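Comments concern the structure below.
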Amino acid sequence: MPVGEVAARPGGREGGVGGMVLCGGAAAAAAVGGDDAVVMQLAAAEGEETVVTVNCPDQAGLGCDLCRTILEFGLRTTRGDVSTDGHWCFVVFWVVPRSSTIKIRWASLKNRLMSMCPSSYSIPFYPEISQPGPSKFYLLKLLSPDRKGLLHDVTHILSDLELIIHRVKVSTTPDGKVVDLFFITDGMELLHTKERQEETCSTLIATLGPSISCEVLPAEGFQQGFSSLPPKIAEELFRVELADSEICSSSLSAELKRVQTATINFDNFLSPAHTLVQIICADQKGLIYDILRTMKDCNIQIFYGRFRSDKKGSVNKGCREVDLFVKQVDGKKVIDPEKQEALRSRLRSEMLHPLRVMIVSRGPDTELLVANPVELSGKGRPRVFYDATLALKALGICIFSAEIGRQAASERQWEVYRFLLDDSKEFPLANSPTNRNRVVDRVRKTLMGCYN
């Protein structure tokens, strides 16, 4: 049995902590830290895996929420084991930073994961964990001289500080100044303190230079903005599948075709109580999160899951193998062929292109659109703004203005990022289909994890 594998004890309850044997590294990880709901074994050296173990009462969608937070911190999950009996769960993730430039605050990650674990209620030996309430919104006002890549540099600093961007307004003044208005929440829930506000502004000034000014204010009455795209553009951006012409003409065709060959099979014979969903597909950034949020939104309960990446030298290089033992919300197996096909189609769509990217003309200007589906819980996808601005910085494109809003389409809600791009002599966009395609491809590849 591989190191870290979680297995059912013969004769015990299937999948629950009361009926599990913890083997190898998983057992060691569970032993460190005593009664902590979250235990971490930090990597011994750069490039090695950190083991994150979560052992707590279960609740619907907890695996999705854990994966979302891990993705938010800039980590890649290389493999994982998930097991639950419906009352208590045991989760092990092996993670590595996606880039050496990302600063991981491991203690803060542990605290965030701990805050997501449900209370133990009547279990006396288990430490009580307070449940987080709605986060308070703040307005970060930043005034700075304009330069290429500024917006991403600010976004990078805010990400390192665990400040989550929910809405942004960026404008450039005629005298070459940039006014950035960021509506943010604090992952550490400390931004109401003077010390945290001073840390935020001092970090920005120390990194960007003394020519900037910074202020943090409460954003009283803040509400998520709504985007309103023209119907024709919205129809193209939110369509379920990529058009054949787009797949064939895009330089991303190799990645997209590999994702399209993903296999999703259902097996109702291996387990008497669960349906086995087996997925083999191309690996990409946020894949495990995409699978688990789809299961969460479709009311499919996961009782045991294993996520594996291909081994070096494998013929399936760049692929991910996922095994999930699941039930419907009514406790029954997924036997109906129509329900199987609906779930297969939904999973395939989310794995094919969970993020939509396109460039359009906005009068005489050029606008980049990036969209991602919002969970039924109302949560958007982490690090989309970060990755989009990173891609534009790499291309040397200045952002004249940027907005984040939401729009309802295709019977779901979407988060829409709109970037008004500067048309320069070095990188003309208005009359250059080639350069426009380069922007779309670079942004999409960055979102998929092809670049750090």
Side-chain angles (χ1 to χ4, degrees), residues 4-23 26-27 29-30 35-39 52-70 77 80-93 113-132 266-279 288-289 291-307 322-336 339-340 343 346-347 375-377 379:
E5 184 171 322
V6 182
R9 187 189 304 275
R13 291 183 300 172
E14 187 175 8
V17 169
M20 290 194 311
V21 178
L22 310 183
C23 304
D35 292 334
D36 280 354
V38 179
V39 176
V52 179
T53 305
V54 181
N55 187 6
C56 69
D58 197 11
Q59 70 178 12
L62 178 60
C64 169
D65 296 338
L66 296 174
C67 284
R68 186 186 187 282
T69 300
I70 289 172
T77 302
D81 280 307
V82 179
S83 185
T84 181
D85 62 355
H87 303 286
W88 201 280
C89 68
F90 186 85
V91 180
V92 185
F93 291 125
L113 296 177
M114 286 276 290
S115 71
M116 301 168 67
C117 296
S119 299
S120 54
Y121 301 106
S122 60
I123 303 176
F125 63 87
Y126 202 83
E128 191 73 14
I129 302 171
S130 61
Q131 295 299 298
F266 295 83
D267 186 331
N268 279 301
F269 298 100
L270 188 61
S271 169
H274 305 92
T275 296
L276 170 61
V277 182
Q278 294 181 302
I279 302 171
I288 296 178
Y289 165 69
I291 293 173
L292 294 187
R293 70 173 171 83
T294 302
M295 292 293 190
K296 177 183 177 181
D297 287 351
C298 292
N299 288 321
I300 299 296
Q301 300 174 339
I302 299 173
F303 285 81
Y304 177 77
R306 180 181 298 167
F307 314 93
V322 180
D323 295 330
L324 302 173
F325 286 85
V326 306
K327 290 182 180 181
Q328 298 179 112
V329 70
D330 59 6
K332 298 179 180 179
K333 300 167 73 171
V334 186
I335 297 177
D336 186 341
K339 291 183 178 179
Q340 290 184 8
L343 181 57
R346 179 71 177 269
L347 284 167
E375 295 178 31
L376 291 181
S377 64
K379 296 177 181 178

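For clarity, every value in this text was computed on a predicted model and none was experimentally measured.
- Met116 has its side chain within reach of Thr69: a pair of non-hydrogen atoms, C-beta onward, lies under 4.5 Å apart.
- With a 4.5 Å cut-off on side-chain heavy atoms, Val92 and Val52 do not count as touching.
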Verdict with supporting geometry, Leu270 and Phe325, side chain to side chain contact (heavy atoms under 4.5 Å, CB included): CA-CA 10 Å; Leu270 188 61; Phe325 286 85; 3.9 Å; yes
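- Counting only heavy atoms from C-beta outward, the side chains of Arg293 and Ser377 never approach each other to under 4.5 Å.
- With sequence neighbours left out, the side-chain hydrogen bond (donor to acceptor under 3.5 Å, both in side chains) criterion links Asn268 to Thr275.
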Pair Ile70-Thr77, side chain to side chain contact (heavy atoms under 4.5 Å, CB included): steps then yes or no: CA-CA 8 Å; Ile70 289 172; Thr77 302; 3.8 Å; yes
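- Side-chain contact check for Leu276 versus Ser271: every heavy-atom pair is 4.5 Å or farther apart.
- With a 4.5 Å cut-off on side-chain heavy atoms, Leu292 and Phe307 count as touching.
- Within the structure, every pair that satisfies the side-chain hydrogen bond (donor to acceptor under 3.5 Å, both in side chains) test and touches residues 323-332, not counting sequence neighbours, is listed here: Arg308-Asp323, Gln328-Lys339.
- No side-chain heavy atom of Cys56 sits under 4.5 Å from any side-chain heavy atom of Met114.
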Candidate pair Ser83 and Phe303, rule side chain to side chain contact (heavy atoms under 4.5 Å, CB included), full reasoning: CA-CA 6 Å; Ser83 185; Phe303 285 81; over 6 Å; no
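- Here the side chains of Phe266 and Leu343 are in contact, with some heavy-atom distance below 4.5 Å.
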